[in-house]
Amino acid sequence: MSFAASVLTLYPEMFPGALGLSLAGRALEAGTWSLEAIQIRDFATDRHRTVDDTPAGGGAGMVMRADVLAKAIDHASPPGDERPRLLMSPRGKPLTQARVRELAAGPGVVILCGRFEGVDQRVIDARGLEEVSVGDFILSGGEPAALVLLDAVVRLLPGVMGNAVSGEEESFENGLLEHPHYTRPQEFEGRPIPDVLISGNHKKIAEWRRAEAEELTRERRPDLLGAPPQPLVK
Ligand code: SAH
């Protein structure tokens with residue numbers, strides 16, 4: 001059974017985009033996953049195919065209409081569709097490797113990409129959309145965020161990654177950032193590969209990698225080790 005992604009967007013041309021190449025592209029061709037990009041504008045009801053309107057209460061920008069979005073969502077995800085419905089949103093829960101794994105284990109996803117100031121709250125509530133963020137910054141639309149999420153999910157689908165082990169040793173999989181990597185040449189601009197890595201002692205190598213991973217995590221992401229979040233630097 002293949003993983004089915006449906007993306008609701010004003011820019012279907014952005015898909016599969018980068019996901020048509022490399023690992024994800026080959027998996028798409030092989031049918032390991034499928035991707036359907038649906039034009040939200042096709043569900044507008046007026047002559048001008050309007051999908052947005054001015055914000056209630058005033059203010060800058062435009063808001064995507066609940067009625068048009070609901071029709072698009074109901075088309076992509078009819079009753080009985082078990083796939084989670086996501087809304088890419090900077091207000092959402094930050095995406096984690098754990099959530100990516102859960103999604104990859106499921107039947108697929110329906111992803112709504114916002115544009116303008118965002119979407120009418122009532123369609124989020126009425127269709128039970130799960131808001132997902134890809135980081136504390138603002139994109140101009142949900143499409144790049146959807147591509148990021150799908151990239152992370154697709155590489156975990158069975159058969160997509162050549163070496164299945166590499167998926168489990170990665171950053172975040174064990175709550176740590178990954179240790180540094182080295183490859184030939186043995187010396188680069190006067191910098192040798194650390195001795196332990198060419199010692200052939202696999203126990204020592206594993207210990208060294210673990211220690212490096214812990215050190216790096218303490219330095220860069222103490223929050224992963226349970227430390228309180230760092231104060232925001234202005
Ligand atoms: N006015 C909104 C930002 C709108 S950006 C706010 O201040 O919260 C337009 C669209 O881009 C959003 O609706 C969302 O779909 C997408 N987007 C922007 N930043 C994002 C992020 N960090 N993660 C996921 N989606 C994002």
Side-chain angles (χ1 to χ4, degrees), residues 3 5-19 24 33 35-44 49-77 83-104 106 108-156 171-172 220-221 223-224 229-230 232-234:
F3 182 92
S6 300
V7 179
L8 301 161
T9 170
L10 290 174
Y11 298 96
E13 310 80 5
M14 290 193 186
F15 297 88
L19 299 182
W33 69 296
L35 175 63
E36 162 190 45
I38 298 168
Q39 172 57 270
I40 294 168
R41 214 171 278 288
D42 291 345
F43 298 88
R49 307 218 299 158
T50 311
V51 296
D52 58 329
D53 210 328
T54 53
M62 300 294 271
V63 175
M64 295 177 87
R65 289 171 57 127
D67 53 351
V68 176
L69 291 177
K71 281 187 23 188
I73 292 166
D74 294 346
H75 166 85
S77 181
R83 295 175 298 168
R85 299 172 183 151
L86 314 184
L87 167 63
M88 303 320 296
S89 159
R91 300 188 322 185
K93 245 196 188 170
L95 185 62
T96 60
Q97 189 64 16
R99 185 68 184 120
V100 165
R101 276 212 179 271
E102 278 172 13
L103 291 172
V109 274
V110 178
I111 304 178
L112 174 58
C113 300
R115 279 271 155 182
F116 319 115
E117 287 312 312
V119 314
D120 189 308
Q121 182 63 38
R122 293 170 295 177
V123 73
I124 303 177
D125 299 338
R127 292 298 179 272
L129 305 183
E130 171 188 343
E131 294 185 64
V132 177
S133 167
V134 295
D136 291 346
F137 44 80
I138 305 294
L139 299 167
S140 50
E143 290 81 5
L147 290 167
V148 164
L149 181 142
L150 288 172
D151 181 293
V153 169
V154 166
R155 63 189 284 284
L156 295 182
S171 289
F172 308 118
R220 298 186 183 174
R221 294 293 305 279
D223 57 298
L224 293 178
Q230 299 293 294
L232 290 177
V233 181
K234 289 267 169 189

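Along the sequence shown, residues are numbered consecutively beginning with 1. Just follow the structure's listing: the first ligand is 1, and inside any ligand the first atom is 1.
For Asp136, the CG atom is loosely surrounded, since the number of other residues' heavy atoms within 6.0 Å does not exceed 12.
Annotation: side chain of Met14 is not in contact with side chain of Thr9 (no heavy-atom distance under 4.5 Å). In this structure the side chain of Leu147 never reaches within 4.5 angstrom of the side chain of Val7, judged on heavy atoms.
Less than 4.0 angstrom separates some heavy atom of Gly141 from each of these atoms of ligand 1: 10 (C), 11 (O), 16 (C). Close approach of ligand 1 to Ser133 (heavy-atom distance below 4.0 Å) involves ligand atoms 22 (N), 23 (N), 24 (C). Near Gly114, meaning under 4.0 Å from one of its heavy atoms, ligand 1 places the atoms 10 (C), 11 (O), 13 (O), 15 (O). If you number the atoms of ligand 1 from 1 as listed, the ones under 4.0 Å from a heavy atom of Ala145 come out as 24 (C), 25 (N).
For atom 23 (N) of ligand 1, the nearest non-hydrogen atom of the protein is Val134 N, 3.1 Å. The nearest protein atom to atom 14 (C) of ligand 1, hydrogens excluded, is given as Met88 O, 3.1 Å; this is a heavy-atom distance. Protein heavy atom in closest approach to atom 9 (C) of ligand 1: Phe116 O, 3.3 Å. The shortest contact between atom 8 (O) of ligand 1 and any protein heavy atom is with Pro90 CG, 3.4 Å.
Rounded to the nearest 0.5 Å, atoms CZ (Arg115) and CD1 (Ile40) are 10.0 Å apart. Separating the CZ atom in Arg101 from the OG1 atom in Thr96 is a distance of 11.0 Å, to the nearest 0.5 Å.
Residue contacts with ligand 1: Val132 is included, with a non-hydrogen atom under 4.0 Å away.
Residue Ser89 holds the heavy atom nearest to atom 25 (N) of ligand 1 of all those in Ser89, Gly59, Pro55, Gly142.
Between Leu139 and ligand 1, at least one pair of N/O atoms sits closer than 3.5 Å. By the 3.5 Å distance cut-off applied to N or O atoms, Cys113 is not counted among the residues near ligand 1. For a threshold of 3.5 Å applied to N or O pairs, the pair formed by Ile138 and ligand 1 contains no separation below that value. Looking at ligand 1, you won't find any N or O of Gly118 less than 3.5 Å from one of its N or O atoms. When only interatomic distances are considered, the shortest N/O to N/O separation between Glu117 and ligand 1 falls below 3.5 Å.
Between Ala146 and Cys113, the shortest heavy-atom distance links the atoms CB-SG, 3.9 Å.
Each of Arg85, Arg99, Lys93 was evaluated against Glu130; a single residue qualifies, Arg99, per the salt bridge (Lys or Arg N to Asp or Glu O under 4.0 Å) test.
Side-chain N or O atoms of Arg41 include one that pairs as donor or acceptor with a backbone N or O of Arg49 at under 3.5 Å.
Glu13 pairs by the side-chain contact (heavy atoms from CB on, under 4.5 Å) definition with Tyr11, not counting sequence neighbours. In this view, Ala70 and Val123, Arg127 satisfy the side-chain contact (heavy atoms from CB on, under 4.5 Å) rule, not counting sequence neighbours.
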